[in-house]
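One is the number of the first residue; the rest follow in order along the sequence. Counting starts at 1 for both ligands and their atoms, following the listed order.
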Amino acid sequence: MAPAASNPVWDIFCKVVDNFGDAGVCWRIAALLHQEHSLAVRLWIDRPQILKALRPDLDADASRQQLDGVEVIDWSRIKPDPASANVVIEAFGCGFPDDYVTAMAGLPLPPLWIVLDYLSAESWVDTHHGLASPHPSLALPRWYFYPGFAAATGGLPRERDLLSRRDAFDAQARAGFFHESGMTAPDAAVLTVSLFAYADAPVTDLLSALAEDSSPTLLLVPAGAVVPAVQAFFGTTADQARRGNLEVRLLPFLPQSRYDQLLWACDLNFVRGEDSFVRAQWAGKPLVWQPYRQDDGVHQRKLEAFIQRYTAEFEPATVVAVAAFTAAWSAGTPVRDLWPALRAARGEWARNALGWSRKLADLGEMSAKLVEFVRNKVK
Ligand code: TRH
């Protein structure tokens with residue numbers, strides 16, 4: 001097993017399947033491990049151009065480069081050598097080439113191999129986190145690391161100062177955020193909503209509900225899959241439109257740090273996948289999650305498991321409103337009639353969302369848990 005080196009090198013391997021989540025999560029963990037745990041971290045990513053959307057200062061053509069102290073390496077162009085790593089993280093079961101695994105097995109002290117899995121609130125995660133999964137044919141130990149929502153899991157990634165930065169994001173900072181986006185900050189009477197979702201979400205239905213609502217809504221939509229549906233609803237490709245009580249603003253795809261500010265600046269955030277979902281929870285604001293669709297329907301079970309944990313302390317009426325709306329949103333079925341109850345639940349939901357973020361913070365943070373996990377294995 002890997003030695004306890006004085007300056008251990010951690011390699012994180014990321015294959016981009018689609019979208020931004022693979023790159024988004026891997027980058028976040030890489031940055032945390034370096035910045036908060038002073039580790040030498042290399043992020044091997046097969047499509048650095050996806051990471052560039054989140055970090056516009058990245059050079060997508062460079063085969064290797066430093067970004068915030070992390071070495072980002074184009075895995076499609078450079079072959080990794082396991083001999084130079086103490087810990088290897090195989091993110092989301094991305095798989096290693098056979099020769100890499102054989103080379104690992106041939107080392108006198110192979111690196112510690114961790115398979116980082118996707119996030120799920122399902123209860124089995126609490127008992128499977130940290131289990132060994134030795135390689136089927138080679139003498140290579142391998143460990144499963146599950147992020148999650150309980151103390152027994154690997155937790156969720158969070159920068160040490162995230163919640164204090166969020167709490168310091170006051171009315172003035174919010175006004176600055178809108179100003180930088182070419183807008184005036186909406187006043188408190190306007191429900192401000194961000195929308196990040198997959199193309200099969202019932203977007204037109206949501207927009208109808210917001211337009212018909214007796215109270216005003218400002219909807220902020222970063223570039224992405226739902227923009228065509230928004231443009232079709234308003235009948236324009238302009239980046240600003242109004243219908244009934246709904247005003248929409250199309251935004252560019254924001255750098256990751258600015259996306260956090262968007263979540264903080266809104267009263268309600270529609271998020272998807274994994275990383276935006278986690279960031280919306282840290283934002284401490286009401287959220288509607290659309291999980292990444294899986295053929296076997298696992299996403300529905302993940303959604304139910306999350307809603308069960310998330311709403312455990314909500315008032316019964318809020319539980320019903322949040323659960324019903326979220327289930328329909330995720331399934332792509334009509335949400336128009338479910339909207340009024342969701343909007344009415346807003347006050348109590350907002351208080352609980354803030355409490356939820358604090359509760360999660362008390363469960364332990366993922367990069368710290370990774371470091372502790374490795375420390376326990378190399379003892
Ligand atoms: O892009 P996603 O749908 O990613 C998904 C999920 O991770 C899913 O589990 C995985 O299987 C699949 O990819 C392959 O959603 P996610 O996870 O929220 O990632 C989006 C990232 O983009 C996240 O880091 C936030 C960031 N983002 C910005 O930086 N700026 C933006 O304007 C927006 C809308 C998002």
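Nearest non-hydrogen protein atom to atom 14 (C) of ligand 1 is Asp18 OD1, 2.8 Å. Gly273 CA, 3.6 Å is the protein heavy atom nearest to atom 6 (C) of ligand 1. Looking only at heavy atoms of the protein, atom 24 (O) of ligand 1 is closest to Asp275 OD2, 2.5 Å. Looking from atom 4 (O) of ligand 1 to the surrounding protein, the closest heavy atom is Gly21 N, 2.9 Å. The protein heavy-atom contact nearest to atom 26 (C) of ligand 1 is Leu54 CD2, 3.5 Å.
Taking each of Tyr118, Phe270, Phe253 in turn, the one with a heavy atom nearest to atom 35 (C) of ligand 1 proves to be Phe253. Nearest-residue assignment for atom 3 (O) of ligand 1 (options Tyr259, Phe196, Tyr198; heavy-atom criterion): Tyr198.
For Asp161, the CG atom counts as densely surrounded, since its 6.0 Å shell holds more than 12 non-hydrogen atoms of other residues, nucleotides or ligands. Atom NE2 of His179 has 12 or fewer neighbouring heavy atoms from other residues, nucleotides or ligands inside a 6.0 Å radius. Taking a 6.0 Å sphere around CD of Gln66, one finds it holds more than 12 heavy atoms contributed by other residues, nucleotides or ligands.
Within the 4.0 Å heavy-atom criterion, both parts of Ser276, backbone and side chain, lie near ligand 1. Contacts with ligand 1 closer than 4.0 Å are made by no heavy atom of Phe92, backbone or side chain. With a 4.0 Å heavy-atom cut-off, ligand 1 is reached by the backbone of Phe20 and by its side chain too.
Cation-pi geometry between Lys369 and Phe373 is not met: the NZ or CZ atom fails to fall both under 6.0 Å from the ring centre and inside 45° of the normal. For the pair Arg243 and Phe233, the distance from NZ or CZ to the six-membered ring centre is under 6.0 Å and the angle to the ring normal is within 45 degrees. For Arg166 and Trp264, the positive end is not near the middle of the six-membered ring at less than 6.0 Å and at most 45° from its axis.
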Task: side-chain contact (heavy atoms from CB on, under 4.5 Å) between Trp10 and Arg42, worked out - done: CA-CA 6 Å; Trp10 288 46; Arg42 298 185 294 212; over 6 Å; no

TODO: In sequence, state the C-alpha distance, the side-chain angles, and the governing distance for Tyr198 and Val226, and then conclude on side-chain contact (heavy atoms from CB on, under 4.5 Å).
DONE: CA-CA 7 Å; Tyr198 298 113; Val226 298; over 6 Å; no

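Between Gln256 and ligand 1, at least one N/O pair is under 3.5 Å apart. Backbone and side-chain nitrogen or oxygen atoms of Leu254 are examined, and one is located within less than 3.5 angstrom of a nitrogen or oxygen of ligand 1.
In the model, Gln256 has no side-chain atom that pairs as donor or acceptor with a side-chain atom of Asp260 under 3.5 Å.
Of all atoms in ligand 1, listed by their number and element, those nearer than 4.0 Å to a heavy atom of Glu274 are 6 (C), 7 (O), 16 (P), 17 (O), 18 (O). The ligand atoms of ligand 1 that sit less than 4.0 angstrom from a heavy atom of Asp22 are 14 (C). Listed by number with element, the atoms of ligand 1 under 4.0 angstrom from any heavy atom of Gly24 are 24 (O).
Between Glu247 and Arg249 there is a salt bridge, with a side-chain nitrogen of the basic residue lying less than 4.0 Å from a carboxylate oxygen of the acidic one.
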